Visitor: 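Below is a structure I'd like to ask you about.
None of the values given here were measured: they were computed from a predicted structure. Residues: numbered from 1 along the sequence shown. In each ligand, atom 1 is the first atom listed, and ligand 1 is the first ligand listed.
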Amino acid sequence: MDPFDVCVVGSANLDIVATTTRHPLPGETVHGIAYHEYPGGKGLNQAVAAARSGSKVAFVGAVGTDPAAETLRAVLAADGIDDRLAVTAEATGRAVIVVDDAGENSIVVVAGANAAVSVDDGIPAARVLLCQLEVPLSTVTASMRGAREAGATTLLNPAPADELPLDLLACCDVIVPNEHEVELLGGVDHLLGAGCGAVVVTRGGHGVDIHTDAGTEHVDAFAVEVVDTTGAGDAFCGALASRLAAGHPLVPAARWATAAGALATTVPGAVPAQPLAEAISGLLVHERDG
Ligand code: ADP
């Protein structure tokens, strides 16, 4: 069987969101205004981003036996993603989010099944492996090492930020932190010195800096009407993995991903905001000819 373009090993959550006029104090109950459920988790979001960017994608994760599992399977299927979801005794991961009138969030993330994601039985063959840090670090390290040995290109989005062991950094062909995460990880020079092949720092509306031993290149952000930046980082990572899998060099691939990130800020939410390849190439052409 043909290998996949991109294999994502990561988290899948159901985000449950209550809006209210103000946050409850400890012990207090307040009236809510509205309730919504959204698919989420950095792994799932990035798998959708890579698929919409044009890749054949496999997603390795874990869910429970609850109805949320079926909701997430349907989300993956809708984008043609091959789901390799293990079923665990733990509940499907949840993010419980309260949003007040001022747009202020408070969030409780319950990893649930995500804490049981394992690659002990191996991972599907793919040109590019993409991981984040919402599943156990031992799983991330085993995935990256195994993919490296199989000749794949390895990408790590180190989010949420955590200190990372040198043996994991040495397995990263490309690491994609945001400005905040790169500082927590010890800075660009530390990451390059530890063996990361390239450090791609996403800087929101300031675009992206691409650092390698050969120097630094900058890709400008695209000017768009920003509605909601949720999912922009996930759009960037999924689209970058997709373009690297298609054989594009890092800087043009990062330019494509920068366009994907910009488009994701123009639509609310994470999964609904992930742009299709036609929209991404449309923005690139518009910018070139504009
Ligand atoms: P994260 O969400 O992980 O913090 P960033 O905020 O750096 O990541 O956003 C990821 C990418 O999305 C950026 O590199 C850029 O390409 C795009 N992006 C984010 N915010 C904007 C913005 N305000 N205008 C244009 N592009 C943006």
Visitor: To check your reading of the model: name the closest protein heavy atom to atom 22 (C) of ligand 1, its residue, and the distance in Å.
Guide: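 Here the nearest protein heavy atom works out to G205 CA, 3.6 Å.
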Visitor: Looking only at heavy atoms, is any part of E179 under 4.0 Å from ligand 1, and if so is it the side chain, the backbone, or both, or is it neither?
Guide: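 The answer is neither.
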Visitor: Could you grab the distance from atom CZ of R52 to atom CD1 of I280, nearest 0.5 Å is fine?
Guide: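 Atom-to-atom, R52:CZ and I280:CD1 are 10.5 Å apart.
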Visitor: Please list, in number order, the atoms of ligand 1 under 4.0 Å from a heavy atom of T202.
Guide: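 Answer, ordered by atom number: 5 (P), 7 (O), 8 (O), 10 (C), 14 (O).
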Visitor: Name all pairs fulfilling the ring-ring contact (aromatic ring centres under 6.0 Å, His included) condition that reach into residues 15-53, sequence neighbours left out, sorted by first residue then second.
Guide: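 For residues 15-53: H36-Y38.
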Visitor: Any idea which protein heavy atom is nearest atom 6 (O) of ligand 1, and the distance to it?
Guide: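 Minimum-distance protein heavy atom for atom 6 (O) of ligand 1 reads G204 CA, 3.5 Å.
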Visitor: With clusters defined by side-chain heavy atoms of hydrophobic residues (ILVMFWY) lying less than 4.5 Å apart, directly or transitively, does L72 cluster with V48?
Guide: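 They do share one cluster, since a chain of ILVMFWY contacts under 4.5 Å joins V48 to L72.
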Visitor: Can you tell which part of T258 has a heavy atom less than 4.0 Å from ligand 1: side chain, backbone, both or neither?
Guide: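 Answer for T258: both.
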Visitor: Quickly, which of V199, L191, D162 forms a side chain to side chain contact (heavy atoms under 4.5 Å, CB included) with L185? Name it, please.
Guide: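 Considering V199, L191, D162, a side chain to side chain contact (heavy atoms under 4.5 Å, CB included) with L185 is found only for L191.
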Visitor: Can you confirm whether C237 sits close enough to L155 that some side-chain heavy atom of one is under 4.5 Å from a side-chain heavy atom of the other?
Guide: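 A side-chain contact under 4.5 Å is absent here.
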Visitor: Geometry only, no angles: is T229 polar-contacting ligand 1 at N/O separations under 3.5 Å?
Guide: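 No: no nitrogen or oxygen of T229 is under 3.5 Å from one in ligand 1.
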Visitor: Which protein non-hydrogen atom lies closest to atom 25 (C) of ligand 1, naming both residue and atom, and how far is it?
Guide: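 Minimum-distance protein heavy atom for atom 25 (C) of ligand 1 reads F222 O, 3.2 Å.
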Visitor: Using a 4.0 Å heavy-atom threshold (strictly under), name the region of N178 that reaches ligand 1: side chain, backbone, both or neither.
Guide: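 For N178, the contact with ligand 1 is made by the side chain alone.
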Visitor: Does the side-chain contact (heavy atoms from CB on, under 4.5 Å) test come out yes or no for E37 and T71, once each step is laid out?
Guide: CA-CA 10 Å; E37 294 185 350; T71 306; 5.6 Å; no
Visitor: Tell me, please, which residues at least two apart from T88 pass side chain to side chain contact (heavy atoms under 4.5 Å, CB included).
Guide: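 Expected list: A62, E90, A113, A116.
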Visitor: Under a 4.0 angstrom heavy-atom cut-off, which atoms of ligand 1 come close to A262?
Guide: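 Ligand 1 atoms under the 4.0 Å threshold to A262: 17 (C), 26 (N).
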Visitor: Using 0.5 Å steps for rounding, measure from the OG1 atom of T141 to the CG atom of L169.
Guide: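 CG of L169 is found 9.0 Å from OG1 of T141.
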Visitor: If you count the atoms of ligand 1 from 1 in the order shown, which ones are under 4.0 Å from a heavy atom of V208?
Guide: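 It comes down to these atoms of ligand 1: 14 (O).
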Visitor: Quick one: which ligand 1 atoms are inside 4.0 Å of a heavy atom on G261?
Guide: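 Close to G261: 12 (O), 17 (C).
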Visitor: Could you identify the single nearest non-hydrogen protein atom to atom 2 (O) of ligand 1 and state the distance to 0.1 Å?
Guide: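 Ranked first by proximity to atom 2 (O) of ligand 1 is G233 N, 3.5 Å.
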Visitor: Give me the residue, atom name and distance of the protein heavy atom closest to atom 23 (N) of ligand 1.
Guide: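 The answer is V226 CG2, 3.4 Å.
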Visitor: Within a strict 4.5 Å, meaning less than it, do heavy atoms of the T258 and D220 side chains meet?
Guide: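 No; the side chains remain at least 4.5 Å from each other.
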Visitor: Which atoms of ligand 1 sit under 4.0 Å from any heavy atom of G207?
Guide: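 Those qualifying, in numeric order: 14 (O).
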